[in-house]
Colleague: 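One structure coming up, written as structure tokens, with questions to follow.
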Amino acid sequence: MIVVMRVGSPEVEISRITDELSSWGLTPEKIVGQHKVVIGLVGETADLDPLQIQEFSPWIEQVLRVEKPYKRASRQYRHGQASDIVVNTPEGPVVFGENQPLVVVAGPCSVENEEMIIETAKRVKAAGAKFLRGGAYKPRTSPYAFQGHGESALELLAAASKASGLGIITEVMDAADLEKIAEVADVVQVGARNMQNFSLLKKVGSQPKPVLLKRGMAATIEDWLMAAEYILASGNPNVILCERGIRTFDRQYTRNTLDLSAIPVLRSLTHLPIMIDPSHGTGWSSYVPSMAKAAIAADCDSLMIEVHPNPSKAMSDGPQSLTPEAFDSLMQELSVVGKAMGRWQQPAAAVV
Ligand code: PEP
Ligand code: MN
């Protein structure tokens, strides 16, 4: 249920209503939008009469029921307003959101060694990326495949952030590693395979770093939003959703089927920012540019692209990784679509 306050409602009135609702055993959550304040109520609201709440104050414009099972993740919970997710990076805040410039995240699948991660960081930064991605803990289909360098790779990510000024996004697979990952990561990634690891979702929801939640490969949109709801309900409001391809019947030519229709669908259902990963989405570097451009045209808020200095030698996901040179030219192409969509921020050096 949400209580929509009138424009200009006095703060004391909002507090009075919030206190009253708390005394009813509810947990009201104040959501400050661009124009209006909304008070969100989740929990045992089924028996509440909206009219009774409406009578609390003439400053209450409306009391509405949130129909969706994902309450906090629903667009309605914020009365239709998109969320801006502000992530602190060494070079200042970067904002993910519907009304913000596109944010590009790039880097290798796995952190392999110091030289490659620092080189990749510098190259993707120069091309306009704001975040470096790279796995220290890798979820691999085979237990015999490279599992990531773990803790030592976290140190390399910290060094690459220092050398480039980029923010860091890296995956947590096991809650036991969360604390040390969150020391280095500016955004903690929950991978496709863990999208419904509910105990992990509760753990990332109980710490302050923003969370990137990838879509499970067989997850419906509703499964995915319910997974986001776990994080939001645990107290962390900063969740970014990432579509990375789902399993369909044809795996001969693409690794996954990138569901770009998820962009307008999510936009209508949720206030959370939307990222697209065309690298895992297609599995092949030659298909990445088309899908990255299409994703911007479909109005995504962010892109995640795998880049490796020498893809043929990569320890994981080489076939889908772009070279730094290919990433440079992709960013040029993306700027054309990004500008057409009004979502492109000129690099600082280009601003006159
Ligand atoms: C990744 O981003 O490196 C990764 C493993 O992605 P996903 O969870 O989408 O497979
Ligand atoms: Mn990968």
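Quick note: numbers below take in every heavy atom, side chains included, and nothing from hydrogens, waters or symmetry partners. Both ligands and their constituent atoms are indexed starting at 1 by order of listing.
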Colleague: Can you tell which part of Met217 has a heavy atom less than 4.0 Å from ligand 1: side chain, backbone, both or neither?
Modeller: neither
Colleague: Would you check if there is a donor-acceptor pair between the side chains of Ser316 and Ser110 at a distance under 3.5 Å?
Modeller: yes
Colleague: Below 3.5 angstrom, do we get any N/O pair linking Lys214 and ligand 1?
Modeller: yes
Colleague: Have Ser83 and His271 got a donor and an acceptor in their side chains that come within less than 3.5 Å?
Modeller: yes
Colleague: If we only count N/O pairs under 3.5 Å, is Arg193 in contact with ligand 1?
Modeller: yes
Colleague: Gly191 heavy atoms, cut-off 4.0 Å: which ligand 1 atoms fall inside?
Modeller: 8 (O)
Colleague: Indicate whether any N or O donor in one side chain lies under 3.5 Å from an N or O acceptor in the other, for Gln147 and Arg140.
Modeller: no
Colleague: Answer yes if the side chains of His280 and Asp317 hold a donor-acceptor pair under 3.5 Å, and no otherwise.
Modeller: yes
Colleague: Is it true that Lys138 and Glu171 make a salt bridge, defined as a side-chain N closer than 4.0 Å to a carboxylate O?
Modeller: no
Colleague: Out of Glu243, Met173, His280, Met304, who is nearest to atom 1 (C) of ligand 1 when you count heavy atoms only?
Modeller: His280
Colleague: Students often mix this up, so state it plainly: with edges at 30° and 60°, are the rings of Phe96 and Phe131 parallel, tilted or perpendicular?
Modeller: tilted
Colleague: I'd like to know if the side chain of Glu243 and the backbone of Arg215 have a donor-acceptor N/O pair within less than 3.5 Å.
Modeller: no
Colleague: Please list, in chain and residue-number order, the protein N/O/S atoms closer than 2.8 Å to the Mn ion (ligand 2).
Modeller: Cys109 SG, His280 NE2, Glu306 OE2, Asp317 OD2
Colleague: Using the rule that Ile, Leu, Val, Met, Phe, Trp and Tyr join whenever any side-chain heavy atoms are under 4.5 Å apart, tell me whether Leu266 and Met217 fall into a single cluster.
Modeller: no
Colleague: Ignoring hydrogens and angles, state whether a donor on the side chain of Asn197 or Ser199 is under 3.5 Å from an acceptor on the partner side chain.
Modeller: yes
Colleague: Using a strict cut-off of 4.0 Å, indicate which atoms of ligand 1 neighbour a heavy atom of Arg244.
Modeller: 7 (P), 9 (O), 10 (O)
Colleague: Is the closest heavy-atom distance from Arg133 to ligand 1 below 4.0 Å?
Modeller: yes
Colleague: Would Ala192 count as a polar contact of ligand 1, with the cut-off being nitrogen or oxygen pairs under 3.5 Å?
Modeller: yes
Colleague: Members other than Phe249 in its cluster, when Ile, Leu, Val, Met, Phe, Trp, Tyr link by side-chain heavy atoms under 4.5 Å?
Modeller: none
